[in-house]
Amino acid sequence: MGEPAETGLCMDSVLTTYELDHMTPGGMPTIYTFAETESVKAMCDDIHNLRPQCDVLVVHFHKD
């Protein structure tokens, strides 16, 4: 979380699974990525608690 006049950073935990559509060695898997439930809850709690303390709150999601 940021300080006054600074931006903040929140890292979320994710789970990734790989599923092979066919049993071909070296085949391309289907990749599924999910945010961990507790991580999402903690982030939502942070947003809820921070919102009354600021005029503008921007939440941005991205992946590298």
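Throughout, numbering of the chain's residues begins at 1 and tracks the sequence. What's counted below: heavy atoms across the whole structure, side chains too, no hydrogens, waters or symmetry copies. In this text the structure is predicted, and so the values were computed from the model without any measurement.
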Novice: For S13 versus S39, what's the shortest heavy-atom pair and its separation?
Specialist: N-OG, 3.0 Å

Novice: How would you list, by chain and number, every residue that makes a side chain to side chain contact (heavy atoms under 4.5 Å, CB included) with T33, sequence neighbours excluded?
Specialist: V14, T16, I31

Novice: In the hydrophobic clustering (ILVMFWY, side-chain contacts below 4.5 Å, transitive), which residues join V58, or is it alone?
Specialist: V56

Novice: What are the two closest non-hydrogen atoms of C54 and R51, and how far apart are they?
Specialist: O-NH1, 2.6 Å

Novice: Going by the salt bridge (Lys or Arg N to Asp or Glu O under 4.0 Å) test, which pairs reach into residues 22-45, not counting sequence neighbours?
Specialist: K41-D45

Novice: I need the minimum non-hydrogen distance between L20 and G27, along with the two atoms involved.
Specialist: CD2-O, 3.8 Å

Novice: Looking at residues at least two apart in the chain, or sitting in another chain, which of them share a side-chain hydrogen bond (donor to acceptor under 3.5 Å, both in side chains) with T30?
Specialist: D21

Novice: Quick one: closest heavy-atom pair of A35 and V40, and the distance?
Specialist: CB-CG2, 3.4 Å

Novice: Hydrophobic cluster mates of F34, side-chain heavy atoms under 4.5 angstrom, ILVMFWY only, any path?
Specialist: Y32

